Amino acid sequence: MNLFQQLQLGFRSLLLHKLRSALAVLGILIGVTAVIWLVALGEGVSYQAQQQIKNLGATSVIVRTVKPTEETNREAGSRSGISYGLLREDYDRILANVPTITKAMPMREINREVRNGEFALDATLVGCTPDYFDINRLAIDRGRPLSAADMEYLDNVAVLAFEVAQKLFPIEDPLGRAVQIGEEFYVVIGVAEQRTASAAIGGSLAARQYDKDVYIPLSTFRARIGDQVITVRGGTFQNETIELNQITAVVNDMKAVDSSADIIRDLLSRYHKSIDYAVVVPKELLEQAETMRTMFNVLLLLIAGISLLVGGIGIMNIMLATVTERTREIGIRRALGATKGEIVQQFLWETVVLSGTGGLLGVAVGFLCGPTVTLVRTTIAELFPEVWRTLPPNIRDLEPLLAPWSIAAAFGISVGVGIIFGIYPAQRAANMDPIEALRHE
Amino acid sequence: MSNAAALDMPHATRDVVASVRNVTKVYRLGGEDVHALAGVSIDFHQGDFVAIMGSSGSGKSTLLNLLGCLDRPTTGQYFLGGNDVATLDDESLSRVRGRYLGFVFQSYNLIQQLSVVENIAVPLAYQRPINPDGPDLCLRLAKLVGLSGRLGHRPNQLSGGQQQRVAIARALVNNPHVILADEPTGNLDTATSIEIMDLLDALNNAGRTIVMVTHEPDIAARAKTVISLRDGKIASITQNDKADG
């Protein structure tokens, strides 16, 4: 018998028990679909994470101020308050001592109310240099970014994040208008483009939301707001002095990132008594994300493998029933010249037809992953808008990515499962005594 | 006429197609040896029509299983197609069945999900090399047994006699040396039995060698030679007087 005849025979035998065969196919279909969907979702998540990390800049080293623990505060602090974090000196030292760094951007941030008449908003006031927009790949929607001249003349100018501009100036054009921050007024010179939040992988860097930012020159920040932050907490004043919240250093070469990060760590540890800073290397995050992705995929494959295993057991079950039912046919074929090997082949082809059909249908359903996710998303957004709004943006924006390897692997595994779980029933069929089999009622 | 040599004599000029020599078959049943066959020797010649008779337990089914290469003798030799097949392994026995033997069973043993013409073609699937004229041959055989109008029918759409005709056509498709028929009329009424025996007669007249097991004397009477078995041994060999013998 040639391949076509074998397949045809397999299909015809299976069609004798349509429901039974359909259920076995369903088992494999679910397994294959599970592999493809889970991998697609996993790839989607990791793609998102990678994009976010890339936005941080693969060649940059980020140093953040971290508030020390309470105990160290008490030791180091004085009655007038505590002082911690990165210093303007640190910035100078990094620039002077790390030769691989092409540019560095100091930054200071604080939460302040920003107001335009009756419209008010709790915003993050970010003091930065003109490099900020370049390094963070933040494009300007209207107007212009901060300039070196703004820095030099301590101008009261501000660039608003897209959402801030929308809230404070719902009708008018914000350019050229003033916003009030504390006692001061700042002229809006630009509006940034919309930007999704960046990654929060590694723990030392919180997810950075860009949609509440108001950017002013760092020099202006220092002059108008200063380093001291006085907050009232539990009835007592807390006086904190912070010079810089973050320094972003850009290294000239990807290969030099790790060594530059080491030098920076070294440099900082020499001048800081307590660990009131954290060095974050986006490239490391990228590598971490890569490792996570691999682990995630292995886990998903394990889960999907289990479902395929269950499907395989289903196939074995129906094939054992089939073999018993068709004992007579096996006896006839053996008497008419079929070898054991040919009987094994016949039944194996049947299981391969079963699992292969399940595999193909599973791949077909696998391709529906994208539309299904879109459907689920719009359904949730329509029916439960409150729930939708509480979902993190990572989930709201998740786009599954079909991985070609997962389709090939899922289909291959399904056929493999058919063969593996078909061998035992087929062997059992082949090992029947033809005389007994012919006598079987 | 109680030995094999006597059987040989009238046909001495014809080729021996199958020959068993001193075959025995011993089963162990409940710790006791059962001698199903206790030394049987027979030669089958081209064009023989042999009926094997005997009461139940006489060893006729065992002999037919040995002749059909479905079982191996405990001792003795079985020459088929010029080779001793008594000691062949399972795979070679399958090949021997497919090449030299045709089977006709009491209960027809057609495959239910296959059509008439597909049932006739089943042995061809196991022929090496593949017969290129297979499909054509199946149609000719269906016509020969008078079923050319029912090629697409399933076995359950046919009468018993028609099913047995399909089985006979199937037994011919590999051009076997010997056709082995196990109670071919056992499930059929008298009229249909006669039709089937007429068909076997016609095949025999065309030169086919047929070995048939039966317990019905009037069916056995249609054969040229009747071998009676008793207790695993040949009890008698009778030549029927047939005009065309």
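So you know, we letter chains A, B, ... as the sequences are listed, proteins then strands, and number each from 1. Remember, it's a predicted structure, so these values are computed and weren't measured experimentally.
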Contacting moiety of B:Ser107, where chain A heavy atoms sit under 4.5 Å: both
Atom CZ of A:Phe384: over 12 foreign heavy atoms under 6.0 Å: no
CZ (B:Phe79) with more than 12 external heavy atoms under 6.0 Å: yes
side-chain contact (heavy atoms from CB on, under 4.5 Å), paired with A:Ile435, selected from B:Asn65, B:Thr62, B:Leu64: B:Asn65
Evaluation steps, side chain to side chain contact (heavy atoms under 4.5 Å, CB included), between A:Leu438 and B:Asn109: CA-CA 8 Å; A:Leu438 279 169; B:Asn109 276 339; 3.3 Å; yes
Heavy atoms of other groups near B:Asp231 CG, more than 12 under 6.0 Å: no
Trace of the side-chain hydrogen bond (donor to acceptor under 3.5 Å, both in side chains) decision for B:Gln112 with A:Glu329: CA-CA 8 Å; B:Gln112 292 300 318; A:Glu329 179 192 333; over 6 Å; no
Distance in Å, A:Thr339 OG1 paired with B:Leu93 CG, rounded so as to fall on 0.5 Å steps: 11.5 Å
CZ/B:Arg230: more than 12 non-hydrogen atoms of other groups inside 6.0 Å: no
Non-hydrogen side-chain atoms of A:Arg326 and B:Ile111 separated by less than 4.5 Å: no
Point-to-point distance, once rounded to the nearest 0.5 Å, from CD1 of A:Ile343 to OH of B:Tyr126: 5.0 Å
Winner by heavy-atom pair count (cut-off under 4.5 Å) against chain A, out of B:Gly98, B:Ser61, B:Ser94: B:Ser94
Point-to-point distance, once rounded to the nearest 0.5 Å, from CG of B:Leu110 to CZ of A:Arg328: 10.0 Å
Closest heavy-atom pair and its distance - A:Gly337, B:Arg95: O-NH1, 4.0 Å
Most chain A-contacting option - heavy-atom pairs closer than 4.5 Å, from B:Gln127, B:Arg99, B:Glu118: B:Glu118
Pairing of B:Asp89 and A:Lys340 as salt bridge, 4.0 angstrom limit: no
Part of B:Leu114 lying under 4.5 Å from any heavy atom of chain A: both
Donor-acceptor under 3.5 Å (B:Arg97 side chain, A:Arg334 main chain): yes
Proximity breakdown for B:Arg170 and chain A, heavy-atom pairs closer than 4.5 Å: side chain
Non-hydrogen atoms of A:Ala335 and B:Phe105 that approach each other most closely: CB-CZ, 4.1 Å
Largest heavy-atom contact set with chain B, pairs under 4.5 Å, which of A:Gly331, A:Pro434, A:Ala338, A:Gly341: A:Ala338
